[in-house]
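To keep things clear, I will list the structure first and then write my remarks on it.
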Amino acid sequence: MRIEMRAGYEGTGPGAITPDGCAVELYARLPIGQEPDIIAAAVPAGAHILELGSGVGRMTHPLLDRGFTVTAVDESAEMLERVQGARTICSPIEQLDLGETFDVVMLASFLVHAGDIEVRRGLLRTCVRHVGPGGSVLIQREGEDYHTNLPRERIDPSGFTVRMVSAEPVGNGVNSVRAEYVFPDAVWTQTFLARPLTQHQFEEALAEEGLRVESYLTPDRTWVRAVRVAAAE
């Protein structure tokens, strides 16, 4: 069943485009950075991780290689077709209710910055619903300059260019962000809605859903380990 494009989101380029404007072929090409090492250092060895928004498995596969068990969730069946070696579940994250809990719940890819506040709340409630006693929620948030000093670009060592073209206000604290990925043989674009959050606003958003920041895992504070507060137990 085809899922309709989310309002305010768009993607262009070869291959299937997901409801939030991501191109499957693009994400199958993008390399992974230090994220698997950051995660591995922050959670118990051999933990069972619920990966929310797994995409094609860019992070899933390195985590499997490091000995973790992963349940990968994505709303795109085309993305999940690329995931190997993990249990996969096709579902919008904010609607997920598996009736089970995990050692670690992971919400990466800046999803916590969803433009729609109700979507963000749904994402965080899914995290709370699925994290087990003594478990943790790992969240990737935007850097402080993500929506400023645009346009800017980065040339990846593998030979493609990432351009953050613009972040235009569309009202109610939300920006419409446009990114371009230029490869020698193909070009992809993605337009999506994102809500910038200061550190204080981010922590308030977590607290609203029964989470608190336990620690920031990277010097730029883009990776966060959160835990359930006692009132949410």
Side-chain angles (χ1 to χ4, degrees), residues 3 16 18-20 22 24-112 114 119-120 122-141 206 209-218 222-230 232-233:
I3 303 176
T18 68
D20 59 356
C22 294
V24 176
E25 295 296 332
L26 166 64
Y27 278 85
R29 293 189 184 199
L30 292 178
I32 192 67
Q34 298 300 312
E35 287 88 350
D37 292 331
I38 294 169
I39 295 160
V43 303
H48 190 172
I49 299 173
L50 177 64
E51 183 185 5
L52 302 174
S54 66
V56 297
R58 292 171 57 243
M59 207 170 316
T60 315
H61 298 137
L63 291 173
L64 291 170
D65 291 342
R66 286 162 173 77
F68 297 103
T69 300
V70 182
T71 294
V73 177
D74 203 277
E75 67 180 355
S76 167
E78 293 93 343
M79 287 282 196
L80 290 176
E81 287 174 358
R82 307 296 183 102
V83 177
Q84 302 294 322
R87 171 192 180 195
T88 60
I89 297 171
C90 188
S91 171
I93 296 168
E94 59 270 32
Q95 298 175 14
L96 188 72
D97 189 353
L98 298 178
E100 57 187 289
T101 59
F102 298 80
D103 304 316
V104 179
V105 178
M106 186 169 67
L107 186 70
S109 302
F110 314 127
L111 293 176
V112 73
V119 169
R120 182 189 73 204
L123 298 175
L124 293 174
R125 287 168 187 162
T126 294
C127 293
V128 172
R129 191 158 52 239
H130 290 92
V131 66
S136 59
V137 178
L138 301 187
I139 301 173
Q140 185 183 24
R141 59 188 290 264
L206 266 59
E209 303 307 330
L211 291 167
R212 65 172 176 83
V213 173
E214 184 179 70
S215 60
Y216 287 92
L217 304 176
T218 54
T222 56
W223 275 96
V224 183
R225 181 169 54 215
V227 295
R228 292 176 62 176
V229 298
E233 294 292 344

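Values reported hereafter were calculated over all heavy atoms of this structure, with side chains retained and with hydrogens, waters and symmetry mates removed. Everything numeric here is computed off the predicted structure, so don't read it as measured data.
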Identify the two heavy atoms, one from Val83 and one from Gly57, that lie closest to each other, and give their separation to 0.1 Å. CG2-N, 3.8 Å

Check residues 124-139 and write down every donor-acceptor pair under 3.5 Å in which the side-chain atom is one partner and the other belongs to a residue at least two apart or another chain.
residue, atom, partner, partner atom, Å
Arg125, NE, Glu209, OE1, 2.9
Thr126, OG1, Ile93, O, 2.8
Thr126, OG1, Gly122, O, 3.1
Thr126, OG1, Arg129, NH2, 3.0
Arg129, NE, Leu96, O, 3.2
Arg129, NH2, Leu96, O, 2.7
His130, ND1, Thr126, O, 2.8
His130, NE2, Leu98, N, 2.9

Looking only at heavy atoms, what is the nearest atom pair of Ala72 and Leu80, with distance? O-CD2, 4.0 Å

How long is the straight-line distance from CD1 of Ile89 back to CD of Glu51, given to the nearest 0.5 Å? 12.0 Å

Give me the atom names and distance for the closest heavy-atom approach of Leu52 to Leu107. CB-CD1, 4.1 Å

Atom pair OH (Tyr27) and OG (Ser76), whose distance is rounded to the nearest 0.5 Å: 12.0 Å

Note, Val56 side chain near Glu81 side chain (heavy atom, < 4.5 Å): no

Pair Asp20-Thr18, side-chain donor/acceptor within less than 3.5 Å: yes

Minimum heavy-atom separation for Met79 and Cys22, please, with both atom names. CE-CB, 3.7 Å

What are the two closest non-hydrogen atoms of Ser91 and Val73, and how far apart are they? O-CG1, 3.8 Å

Working for salt bridge (Lys or Arg N to Asp or Glu O under 4.0 Å), residues Glu25 and Arg82: CA-CA 10 Å; Glu25 295 296 332; Arg82 307 296 183 102; 2.6 Å; yes

Check: Val213 and Arg225 side chains under 4.5 Å, non-hydrogen atoms: no

So which atom in Pro62 and which in Met59 form the shortest heavy-atom distance, rounded to 0.1 Å? CD-O, 3.2 Å

Rounded to the nearest 0.5 Å, what's the gap from CD on Glu214 to CZ on Arg228? Could you check? 14.5 Å

Please check: side-chain N/O of Asp74 versus main-chain N/O of Gly55, any donor-acceptor pairing under 3.5 Å? yes

Distance from Phe102 atom CZ to Leu50 atom CG, nearest 0.5 Å? 4.5 Å

Is there a side chain to side chain contact (heavy atoms under 4.5 Å, CB included) between Arg141 and Tyr216? Walk through the geometry before answering. CA-CA 10 Å; Arg141 59 188 290 264; Tyr216 287 92; 4.3 Å; yes

Show every donor-acceptor pair shorter than 3.5 Å between a side-chain atom in residues 30-49 and any protein atom, with sequence neighbours excluded, or say none if there are none.
residue, atom, partner, partner atom, Å
Glu35, OE1, Gly33, N, 3.2
Asp37, OD1, Arg66, NE, 3.3
Asp37, OD1, Arg66, NH2, 2.8
His48, NE2, Thr71, OG1, 2.9

Report the distance from atom CD of Gln140 to atom OG of Ser109, rounding to the nearest 0.5 Å. 6.0 Å

